[in-house]
Structure formats: structure tokens, C-alpha cells
Amino acid sequence: MPVIVLCSTKGGVGKSTTALILAQVFSAAAKDVTLIDADPNQPLATWAKRFAATVPANLHVIGGVNEETIVDTIDGAAAKHPFVIVDLEGSANVTATYAIGRADLVLIPMRGKQLDADQAGRVVALIERESKAYRRAIDYRVVFSMTSTLLSRESKHIRGTLAEKGIPVLEAGLPERAAYSAMFQLGGTIFDLTDADVSKPAAAVADAKQLAMAVVGVLRDQEEKAA
Ligand SMILES: Nc1ncnc2c1ncn2[C@@H]1O[C@H](COP(=O)(O)OP(=O)(O)OP(=O)(O)O)[C@@H](O)[C@H]1O
Ligand SMILES: [Mg+2]
């Protein structure tokens, strides 16, 4: 526990990147993390396999998870480890529906574009339907990803629209940084990257920690409300 699910009906918005960064920050903080790769393309399982020697010992990546196995895989991991993170493919499907049904927090990465905002609305609608179906409030946050574009007028407008609709946005976003794509190419974690590998690796670590802190903040608020 808790179970954090990355979901978007749009592809390429930063789900796998966000999932892997959160997993790396939590594991670097000496927490056991299960990272479940439920995307048939297996980006995270491939990362873990290709760079097996550099994967932290307390970061457990489970690949090959599908609609038949997702619920048992999540429940098994949640009983064992303090953090479970689920990465989904970029479409609404049965696997995503089951994963959301098991989530303590759904994160919806979104770039600052109108099309992404419309797609985020679809995920929110799906989560709200599931909340009703299961009679359980499923908590979610939009996460702004690749945030260098967020200074544009379009992005400001989107933030305003989300606020109007009452769609909550995570306090921290994930800026666009070379370190975050390099980890998939070079292997290892963002903590292993040096100035020789990418520009500003320390800033990438600092931003990743901010994101993780924001997620932990939401989970803490949930605990306090439940207490
Ligand atoms: N914050 C970031 N900084 C730099 N590059 C990023 C960032 N986030 C994502 N990318 C890059 O953008 C591309 C898409 O990101 P990612 O694979 O995480 O998206 P996704 O939502 O998981 O996509 P899919 O729907 O295909 O699973 C990748 O090439 C990734 O390296
Ligand atoms: Mg992905």
C-alpha cells in the first residue's frame, strides 16, 4: 500500500516516465516499490531487463501483466510493499479499468495542450464512473508533464478550465528534462546520471523529489481524512 496508477487515454503524455521517476525516488528513500508494467509495449519491464544490473534492489518491476492478472498482481504487491505503482498503456481498456478500481491515487499526466486537456477529462469521467460503481471515492490528480510549455497562454487557459471543472491538479509537475528520457536510453536511475551524461542532472533529481513529495502529500491527506 498505497497503489498509485498512471492513466491517460492519450499516448505519449509521460505516464511511463512519471511512473519510473516516482519509483526511483521512493526506492532511493529506502522504501520497497513494486512497479507494475501493464502496458503491452512493456517500456518499464524492458528498462528493468535491459539494465538489470543497475536497477535498485528494492525496486521490483513486474512485467507481462494483463487484464487477467492485474488485480491479483496489484493486491499481492500492495500486501508486500509500501508503494505500488502501475503503468498503463495510453487507452481506456479493461486493464486500466481494473487498475483504477484498485487505486488509492490515479495520476493523469497531461501536457499543456487543449487536446490533452480533453483527454484528461475522459479519464476523470471514467474514474468518477468507477467511484460510483464501487461506491468508493477514487482520488485522482492531473499532473502537468513536460512543463516547459506551461508558460504559454494555452496552458494558463487549461489550468483555468481544470479549476472551473473542479479537476484537481498535483502541486508539482514534471518539467521536460534530458535526464528523464536518458534513463530509458542509458539505464540506471536519475541518481546515477552525471554532467557527462546529461545537462543538469542535479536539477532533474530535485524536480523528481518535488513531484514525489507532492504525491506523498496527497496520500498523507488521505490518511488524515480517514483517521
Ligand atoms: N519530463 C520529461 N522530460 C523529457 N522527456 C520526457 C518527459 N516525459 C516524457 N518524456 C519523453 O516523451 C516520450 C513519451 O513519454 P512516456 O513514454 O513517458 O509517455 P507515456 O504516456 O507513457 O506514453 P505511452 O502512452 O506510449 O505509454 C518519451 O520519449 C519520453 O522519454
Ligand atoms: Mg507508457
Side-chain angles (χ1 to χ4, degrees), residues 1-19 22-23 33-41 43-44 62-111 115-145 158 161-171 211 214-227:
M1 278 291 211
V3 178
I4 302 162
V5 172
L6 278 293
C7 186
S8 73
T9 51
K10 185 168 165 44
V13 292
K15 293 180 295 299
S16 303
T17 304
T18 305
L22 288 175
V33 180
T34 302
L35 184 57
I36 298 174
D37 190 344
D39 179 346
N41 295 312
L44 302 180
I62 303 180
V65 177
N66 56 33
E67 66 184 57
E68 286 167 19
T69 54
I70 184 86
V71 172
D72 287 340
T73 307
I74 290 176
D75 288 356
K80 230 164 52 185
H81 292 151
F83 286 100
V84 180
I85 300 171
V86 184
D87 184 35
L88 297 167
E89 82 179 297
S91 66
N93 53 32
V94 176
T95 308
T97 307
Y98 285 153
I100 290 169
R102 278 294 190 256
D104 294 291
L105 177 63
V106 182
L107 296 178
I108 311 166
M110 201 185 99
R111 288 176 299 190
L115 185 64
D116 286 16
D118 294 342
Q119 295 282 344
R122 281 207 211 171
V123 179
V124 168
L126 173 63
I127 295 167
E128 286 180 351
R129 280 199 303 277
E130 289 205 44
S131 289
K132 271 190 206 160
Y134 298 130
R135 295 200 176 97
R136 171 178 92 83
I138 301 170
D139 208 1
Y140 62 87
R141 295 289 183 282
V142 161
V143 182
F144 282 108
S145 61
I158 288 168
T161 310
L162 291 174
E164 271 169 29
K165 288 185 180 167
I167 298 178
V169 176
L170 192 72
E171 235 168 67
L211 179 84
V215 169
V216 167
V218 174
L219 297 169
R220 284 223 178 99
D221 287 349
Q222 287 179 357
E223 273 176 22
E224 278 170 21
K225 270 187 202 159

Taking [atom1] in [X] as the centre, count heavy atoms belonging to other residues, nucleotides or ligands within less than 6.0 Å. Is the count above 12?
| X | atom1 | result |
| --- | --- | --- |
| E68 | CD | no |
| Y140 | OH | yes |
| R220 | CZ | no |

Using the side-chain contact (heavy atoms from CB on, under 4.5 Å) rule, take I100 and L126 through it: C-alpha gap first, then chi angles, then the decisive distance, then the call.
CA-CA 9 Å; I100 290 169; L126 173 63; 3.7 Å; yes
Which of these passes side chain to side chain contact (heavy atoms under 4.5 Å, CB included) with [X]: [options]?
| X | options | answer |
| --- | --- | --- |
| P109 | V123, T17, V13, D116 | V13 |
| T95 | V71, L88, V65, D39 | L88 |
| I70 | N66, I74, T73 | I74 |

side-chain contact (heavy atoms from CB on, under 4.5 Å) between I4 and V215: does it pass, once the steps are laid out?
CA-CA 9 Å; I4 302 162; V215 169; 3.8 Å; yes
Any chance you could measure [X], atom [atom1], to [Y], atom [atom2], to the nearest 0.5 Å?
| X | Y | atom1 | atom2 | result |
| --- | --- | --- | --- | --- |
| F83 | L35 | CZ | CG | 13.0 Å |
| L44 | D37 | CG | CG | 4.5 Å |
| E171 | F144 | CD | CZ | 13.5 Å |

Is the closest side-chain donor-acceptor distance between D72 and T69 under 3.5 Å?
no
When you check the side-chain N and O atoms of E67 and N93, is any donor under 3.5 Å from an acceptor?
no
I would like to know whether Q222 and D104 meet side-chain contact (heavy atoms from CB on, under 4.5 Å); could you show each step before the answer?
CA-CA 9 Å; Q222 287 179 357; D104 294 291; 4.1 Å; yes
Tell me which pairs pass salt bridge (Lys or Arg N to Asp or Glu O under 4.0 Å) where either residue lies in residues 74-86, with sequence neighbours left out.
D75-R102
Pairs where residues 84-95 contributes a residue and the test salt bridge (Lys or Arg N to Asp or Glu O under 4.0 Å) is met, not counting sequence neighbours:
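Not a single pair qualifies under salt bridge (Lys or Arg N to Asp or Glu O under 4.0 Å).
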Below 4.5 Å, heavy atoms only, C-beta onward: do [X] and [Y] meet side chain to side chain?
| X | Y | answer |
| --- | --- | --- |
| I108 | V143 | no |
| L6 | I85 | yes |
| V86 | T34 | no |
| E128 | I138 | no |
| V84 | I36 | yes |
| S91 | T9 | no |
| L170 | V142 | no |
| L105 | V5 | no |

Testing the basics here: between G166 and P168, what is the closest heavy-atom pair and its distance to 0.1 Å?
O-CD, 3.4 Å
Keeping N41 on the side-chain end and P43 on the backbone end, is there a donor-acceptor pair under 3.5 Å?
no
Backbone N or O of G90 within a donor-acceptor pair of the S8 side chain at under 3.5 Å?
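Not at all, since once roles are kept as given, no pair shorter than 3.5 Å links the two residues.
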For R111 and K10, run side-chain contact (heavy atoms from CB on, under 4.5 Å): C-alpha distance rounded to whole Å, both residues' side-chain angles, the deciding distance at 0.1 Å, then the answer.
CA-CA 10 Å; R111 288 176 299 190; K10 185 168 165 44; 3.9 Å; yes
